[in-house]
Amino acid sequence: MIELVRNVRLWFAPQQIRHEGSTPDYRFSLANERTFLAWLRTALALIGGGFAVDQFLPDLRWAWRAGLALALLGAGVLCALRAVNHWIRCERAMRRGEDLPVSRFPAVLSIVVAVVAVAMVVVVLVGWAG
Amino acid sequence: MNTPAPKEPERRDPGLQPERTRLAWRRTTLSCTVAAVLAAKAVLHDRDSAAGIVAFACCCVLWLAFLGLAHRRIRALAGGGPAGPAALAPRHGTVAALCTVALAVCAAALIF
């Protein structure tokens, strides 16, 4: 928890990270930035999915529709916040010459997306049957 | 057949890293545009709610903010010296991520 607070402070303090270690090859920093942007796109896609569930499944009961949309939007928020946190941690690890941080977030996100997809299939099938 | 020696004195980046990063920013802006367009569709769907229009206006402002951020970063990437462009500042990245979070909040406001 203390570590998280320290990381959040780093998000907003660009000069603080320059005090640590040495500047890595700019190509590594740019690769890290592209990974960050890819995660941000994933977050935006989840948010777009939230909109789409609300827009394109009008026959669904309100509770189901709102629940699915909220789950996708929440996943998008988590994904965006985690993207910036992971990027900072990678940047710091590269400056200090440490191993890059490992994360179980990709596994968790895949499971959540799989569960939402299965829920959509069930909802559509039930919608056809009923 | 021998390969000609490179004449230009400046170092060439064989991985085209700044260009790839520029395109990554473009792709991300495009994703943001898609989300904003979906927000517009949500507003057109039920156009009588004032709260929805306010939320959509917020979405537009956030989209413009993201566009500006990407533009600033692309300019910085283009203007790198021989040591390559400067790394993304943490504050810049954080603001981009917070734009995304705020977009999700606006989306939640639009849906309810």
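Computed from a predicted model, the values in this text were never measured in an experiment. Residue numbers start from 1 in every chain, and the chains themselves are labelled A, B, ... in the order their sequence lines are given, proteins ahead of strands.
With a 6.0 Å radius and a threshold of 12 heavy atoms from other residues, nucleotides or ligands, A/Arg96 has its CZ atom above the threshold.
Considering CZ of A/Arg41 and OG1 of B/Thr29, their distance stands at 9.5 Å, rounded to 0.5 Å. Taken to the nearest 0.5 Å, the CZ atom of A/Phe51 stands 6.0 Å off from the CG atom of B/Leu103. Interatomic distance, CG of B/Leu88 versus CZ of A/Phe36, reported as 6.5 Å (0.5 Å rounding). With rounding to the nearest 0.5 angstrom, the CZ atom of B/Arg22 is 13.5 Å from the CG atom of A/Leu37. Taking OG1 from B/Thr21 and CG from A/Leu30, the interatomic distance works out to 4.0 Å, rounded to the nearest 0.5 Å. Separation of atoms OG (B/Ser31) and CG (A/Leu46) is listed at 11.0 Å; rounding is to 0.5 Å.
Under the side chain to side chain donor-acceptor pair (under 3.5 Å) criterion, B/Trp25 pairs with A/Glu33, not counting sequence neighbours. Here A/Thr35 pairs with nothing under the side chain to side chain donor-acceptor pair (under 3.5 Å) rule; sequence neighbours left out.
Residue B/Ala96 touches chain A through both its backbone and its side chain, counting heavy-atom pairs closer than 4.5 Å. Heavy atoms closer than 4.5 Å to chain B are found in the side chain of A/Trp62, but not in its backbone. With a threshold of 4.5 angstrom between heavy atoms, A/Leu70 approaches chain B through side-chain atoms but not through N, CA, C or O. No part of B/Leu30 comes within reach of chain A, as not one of its non-hydrogen atoms sits under 4.5 angstrom from that chain. Both the backbone and the side chain of B/Ala39 come within contact range of chain A, judged by heavy atoms closer than 4.5 Å. Of the two parts of A/Ala83, neither the backbone nor the side chain holds a non-hydrogen atom closer than 4.5 Å to a non-hydrogen atom of chain B. B/Val34 does not touch chain A: none of its heavy atoms, backbone or side chain, sits under 4.5 Å away. Heavy-atom distances place the side chain of B/Leu110, and not its backbone, under 4.5 Å from chain A. For A/Ile88, the part sitting under 4.5 Å from any heavy atom of chain B is the side chain, from C-beta outward, and nothing else. For a residue to count as touching a neighbouring chain, one of its non-hydrogen atoms must lie under 4.5 Å from one of that chain's; by this rule B/Arg27 touches chain A with backbone and side chain alike.
Under the 4.5 Å side-chain contact rule for hydrophobic residues, B/Val101 and A/Val84 share a cluster. Under the 4.5 Å side-chain heavy-atom criterion for Ile, Leu, Val, Met, Phe, Trp and Tyr, A/Val8 and A/Leu40 are members of the same hydrophobic cluster. Grouping the Ile, Leu, Val, Met, Phe, Trp and Tyr side chains by contacts below 4.5 angstrom, directly or via other members, places B/Ile53 with B/Phe56. B/Trp63 is not connected to B/Ile74 by any chain of hydrophobic side-chain contacts under 4.5 Å among Ile, Leu, Val, Met, Phe, Trp and Tyr, and they are in different clusters. Criterion: ILVMFWY side-chain heavy atoms under 4.5 Å apart, direct or through other members. Under it, A/Val116 and A/Phe105 are part of a common hydrophobic cluster.
Closest of all the heavy-atom pairs between A/Leu44 and B/Cys32 is CD1-N, 3.7 Å. Looking at every heavy atom in both residues, B/Thr100 comes nearest to A/Ala43 through CG2-CB, 3.9 Å. Taking both residues in full, the closest heavy atoms of A/Arg34 and B/Ala24 are given as CG-CB, 4.0 Å, listed atom of the first, atom of the second, then distance.
Among the candidates A/Val77, A/Leu81, A/Leu72, the residue making the largest number of heavy-atom pairs closer than 4.5 Å to chain B is A/Val77. Between chain A and the options B/Ala36, B/Ala86, B/Ala102, B/Ala104, the largest number of non-hydrogen pairs under 4.5 Å is found for B/Ala104. Chosen from B/Ala107, B/Ala35, B/Ala87, the residue pairing most often with chain A at heavy-atom distances under 4.5 Å is B/Ala107.
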Exercise. Using the side chain to side chain contact (heavy atoms under 4.5 Å, CB included) rule, take B/Ile111 and A/Leu73 through it: C-alpha gap first, then chi angles, then the decisive distance, then the call.
Key: CA-CA 11 Å; B/Ile111 287 171; A/Leu73 290 176; 4.0 Å; yes
